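Take a look at the structure below.
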Amino acid sequence: MSTLVIVESPTKARTIRNYLPRDYQVEASMGHVRDLPQSASDIPENVKKEKWAKIGVNVEADFEPLYIVPQDKKKVVKALKDALKGADELILATDEDREGESISWHLLQLLKPKVPVKRMVFHEITEDAIQRALSDCRDVDVQLVHAQETRRILDRLVGYTLSPLLWRKISAGLSAGRVQSVAVRLLVTRERQRRAFRKGSYWDLKAELTKDKTPFEARLVSVGNTRVATGADFDESTGQIITGRQVLLLNEEETRSLHDRLSDRPWTVANLEERASTRKPSAPFTTSTLQQEANRKLRLSARETMRTAQNLYEQGYITYMRTDSTNLSQQAIVAARSCVEQMYGKEYLSPQPRQYTTKAKGAQEAHEAIRPAGSSFRTPQATGLSGRELSLYDLIWKRTVATQMAEARQTNVTVQLQVEDATFRAAGKRIDFPGFFRAYVEGSDDPNAAIENQEVILPRLQVGDHPECTELDAIGHETQPPARYSEASLVKMLESEGIGRPSTYASIIGTIIDRGYAQLINNSLIPTFTAFAVTTLLEKHFPDLVDTSFTARMEQTLDDISTGEADWLPYLKEFYLGETGLESQVEEREDQIDGREARAIDLEGLDTKIRISKYGAYIEQETEEGEPRIINIPQDLSPADLDAEKLEVLLTRSEQTRPASRHKRSDLRVLQWSLRSLRAAWRCHGRQSQAETRLAASRCDALTGNV
DNA sequence: CAGTGAGCGAGCTTCCGCTTGACTT
């Protein structure tokens, strides 16, 4: 008697083997074992001639998918088949979510077991939980599998019908998809806002005061009874005060004269307000919050974070790192609470065990939150880890332990000071009890908020006191455009809209950079000219698909399919074949869209049209003789940098160099040849160097374009 | 005659989500 158990990850296989009877063999599927063909070389000979072969879905035959075993999974499948030969029972123990259920179903289809089959699910890897799961098996949930297939097919239909449209209208090799196109659009929308942004400036006064030898700071808030304007009072599109706001906008001169008028006048404490507040620790880490925090505090990219977390997971330091759940097991809560007691003392323990509910849209919660592994947590020092691994473990340990610590209690103090007709305000903060602050304070994307959890001590003040003003300064400010997305803030945004999954957040960013839609510079994602062109086209012709709500609506339908409230076939038919379905839309737009127009980019504040060619952006102008002239835009110049001034520089520079006839035809040949071999090289060596190939190709084009 | 180059046509590019190694950029 022997039983074959199949899980998704080899690490998990190793761990649960210890909790199962001796004659149980545990193997890993390494994720999905079958999929639609990814590229033409994956399509089997016998269907290659079919017109639906490329898309991998036979739409006319009720969207029948063409499944193949990808090249890198053939070994795994063979190993599983061999293992099954010696078994007289099969237990499918893949994750309990849509994808996991689907993996089990595909395994059944592939392995065609002749022995009894059971489906087992567990959320915690403890002996107790595994034993319970073993005695509580069920069948594969076919409805959940249908939901996964629907998701898979829909993504394929979107990606493989829209991308070719982009090849024909904009540039070969481009891509569009339910997730990436929304991500790119977010970047472009933000960049448009930044271009449309008009900065405003305002002035105010900062006072340094002392009382009983304790210094503190106060800011001007109103003069007479009129509030002084701050950044929030400006209209971003005009750089002027929002119409109707009753505020006092001070310029430099007015502020300086106010400064002179107030200098050496007596200051009086007019009002004093104290407000107690409490703060709760943040929920334990999910994939997305871990990526965000590691980016903010350790400056790691999403990919670096995941690689390091994977190492920690494989060495048994942390639980699974791809999760959307904030749930902590009982074991984890007990371990965290004992850590708190030992390291900080009983008074730092939260009175009740704290459990968090997952707020993210569309969360599937097949795993626990990310936390230190085991039933007692090793302190970071005790792990023997170093470098990145230590830092990341430390972050995870602190965040987890903090969840079981007491709330922090603080008192916010606001003081109003009067000098002549001017009112100043000073704000302070006392931490009455640090609670979880002792272990962990969440980072922030906003640098101004970074000091939030520090104490700001004000002296003891009473209404009627006269503190001494030691310094009064006039300070000029400018309003700032909305910040670009960083990797972390893009992931946060996508997750909050339910777009993408824990296993894909890191690669989404990789994809949009690789396809030439964005550059990552100083931790900011900057969209390219191509991104502007593609986003504009998609917004104009497929607005629903690039709307952030599309995925949320799809998820709702998938949920309904998994519970049996909706059928998958009518949904796909409506989406793809319906009157306004994707197929007819693409066909219709094929004629409507003028490629030349689609390759042109309108940028706010620029009269010149920017056009994109296959390998870069250029400006088209007429020379004095009426001949069209092409000026290439350097690859490292992003749409964001291209203002009227930069444009002028580009135009005059190209006027001066005018390389036109200096290249011989033979030079041109060499260049074209190297371009071809570059492209060939890229096809052989895989995608990673695609962005570099583009860069090299654009340089070639920059030379050839001027001949 | 061998090598080269122009010209032509065929074939390919692409999605999202689940998992690791195998690699040398």
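Just so you know, these numbers use all the heavy atoms, side chains as well, and skip hydrogens, waters and symmetry mates. Fair warning: this is a prediction, and the values are worked out from it, not measured in the lab.
Distance, Ile512(A) CD1 to dC16(B) C1': 15 Å, rounded to whole Å. dT14(B) atom C1' lies 17 Å from atom NZ of Lys169(A), rounded to whole Å. In this structure, CG of Leu154(A) is placed 11 Å from P of dC16(B), rounded to the nearest angstrom. A straight line from CD1 of Ile170(A) to P of dT14(B) spans 16 Å, rounded to a whole angstrom. To the nearest angstrom, C1' of dC23(B) lies 17 Å from CD of Gln71(A). Between Leu166(A) atom CG and dT13(B) atom C1' there is a gap of 12 Å when expressed in whole angstrom units. Protein atom CG of Leu162(A) is 11 Å distant from nucleotide atom P of dC15(B), rounded to whole Å.
For the residue pair Ser507(A) / Thr504(A), no side-chain donor-acceptor distance below 3.5 Å is found, with atom types taken as modelled. Arg98(A) and Ser562(A) form no side-chain donor-acceptor contact under 3.5 Å, judged by distance and modelled atom types alone. A donor atom on one side chain and an acceptor atom on the other are found under 3.5 Å apart for Gln556(A) and Asp560(A). For Gln292(A) and Tyr505(A), the side-chain atoms include no donor-acceptor pair closer than 3.5 Å.
Here Gln180(A) lies in heavy-atom contact (under 4.0 Å) with sugar-phosphate atoms only. Using a 4.0 Å heavy-atom criterion, one finds that Ala176(A) contacts the sugar-phosphate atoms exclusively. Residue-level contact check: Thr94(A) touches neither bases nor backbone, having no heavy atom under 4.0 Å from any strand.
Side-chain nitrogen and oxygen atoms of Ser175(A) include at least one within less than 4.0 Å of the OP1 or OP2 phosphate oxygen of dC15(B). Note on Arg515(A): a side-chain N or O is less than 4.0 Å away from OP1 or OP2 of dC15(B).
With centroids closer than 5.5 Å and planes inclined by less than 30 degrees as the test, Trp167(A) and the base of dT14(B) fail to qualify as a stacked pair.
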In B/S/- notation (B base, S sugar-phosphate only, - none; protein heavy atoms under 4.0 Å), nucleotides 17-22 of chain B written 5' to 3' is BBBS--
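For Arg322(A) and Glu99(A), the salt-bridge test fails: no basic side-chain N is under 4.0 Å from an acidic carboxylate O.
Considering CD1 of Ile499(A) and CZ of Arg178(A), their distance stands at 8.5 Å, rounded to 0.5 Å.
Taking the ring centre of Tyr517(A) as origin, the terminal cationic atom of Arg515(A) falls outside the region bounded by 6.0 Å and 45° from the ring axis.
Comparing atom distances between the Ala172(A) side chain and each of dT13(B), dC12(B), dC15(B) picks out dT13(B) as nearest.
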